[in-house]
Amino acid sequence: MTDTARVTLACPLQIEGRMVTEVTIRRPKVRDLRALEKGREPGFTELDQGIAMAAALCDLPLATMDEMDAGDFAAISEVLGGFLPKAPA
């Protein structure tokens, strides 16, 4: 079990004057899940939750996530899903 994973971005992002071609995603901890739940605002959707979680675990600003290519976000989401335990059937 690794603590991080890397995703190469198909569409690199400009962040604070530098080009980002790859992001490192860390494994979530319970405190991350708790913080996400506490920060939930009225009208906060599951997509909003996923974006906020990805931003936190990739150490990216939320505004950057809004500019991310949808395919890159899907790739990051897939990695995040692999970090989380599967619900019992």
Side-chain angles (χ1 to χ4, degrees):
M1 179 183 337
T2 61
D3 288 338
T4 62
R6 291 182 185 264
V7 171
T8 300
L9 302 176
C11 298
L13 294 166
Q14 185 86 16
I15 302 174
E16 298 173 358
R18 63 185 171 88
M19 190 60 69
V20 175
T21 59
E22 180 179 80
V23 295
T24 301
I25 309 164
R26 67 174 175 80
R27 291 182 66 81
K29 300 197 179 287
V30 171
R31 70 173 171 251
D32 298 310
L33 302 175
R34 185 175 292 163
L36 189 63
E37 196 62 31
K38 283 183 179 179
R40 183 181 259 198
E41 299 173 15
F44 207 59
T45 67
E46 284 187 33
L47 178 59
D48 293 324
Q49 263 190 313
I51 293 167
M53 178 65 77
L57 298 179
C58 294
D59 196 26
L60 295 173
L62 262 177
T64 298
M65 296 301 295
D66 285 338
E67 298 304 319
M68 181 177 282
D69 179 77
D72 288 333
F73 175 68
I76 290 169
S77 296
E78 189 172 319
V79 171
L80 288 175
F83 282 151
L84 299 172
K86 305 297 180 237

Which donor-acceptor pairs under 3.5 Å do the side chains of residues 45-56 make with protein atoms, sequence neighbours left out?
from: Thr45; atom 1: OG1; to: Leu47; atom 2: N; distance (Å): 3.3
from: Thr45; atom 1: OG1; to: Asp48; atom 2: N; distance (Å): 3.0
from: Thr45; atom 1: OG1; to: Asp48; atom 2: OD2; distance (Å): 3.1
from: Asp48; atom 1: OD2; to: Thr45; atom 2: N; distance (Å): 3.0
from: Gln49; atom 1: OE1; to: Arg40; atom 2: NH2; distance (Å): 2.9

Run the side-chain donor-acceptor check on residues 68-82: report pairs under 3.5 Å with partners two or more places apart or on a different chain.
from: Asp69; atom 1: OD2; to: Gly71; atom 2: N; distance (Å): 2.9
from: Asp69; atom 1: OD2; to: Asp72; atom 2: N; distance (Å): 3.4
from: Asp72; atom 1: OD1; to: Ala10; atom 2: N; distance (Å): 2.7
from: Asp72; atom 1: OD2; to: Ala10; atom 2: N; distance (Å): 3.4
from: Asp72; atom 1: OD2; to: Cys11; atom 2: N; distance (Å): 3.0
from: Ser77; atom 1: OG; to: Phe73; atom 2: O; distance (Å): 2.9

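Residues passing the side-chain contact (heavy atoms from CB on, under 4.5 Å) test with Pro61 are Thr64, sequence neighbours excluded. Applying the side-chain hydrogen bond (donor to acceptor under 3.5 Å, both in side chains) rule to Thr8 yields no partners; only residues at least two apart in sequence or on another chain are considered.
Here salt bridge (Lys or Arg N to Asp or Glu O under 4.0 Å) pairs that include residues 53-63, with residues two or more places apart or in two chains, number zero. Annotation: salt bridge (Lys or Arg N to Asp or Glu O under 4.0 Å) contacts involving residues 7-26, sequence neighbours excluded, comprise Arg6-Glu22, Arg26-Asp32.
Taking 4.5 Å as the limit, some side-chain heavy atom of Ile25 sits within range of a side-chain heavy atom of Phe83.
Here the shortest heavy-atom pairing between Leu60 and Met65 reads CD1-SD, 3.9 Å.
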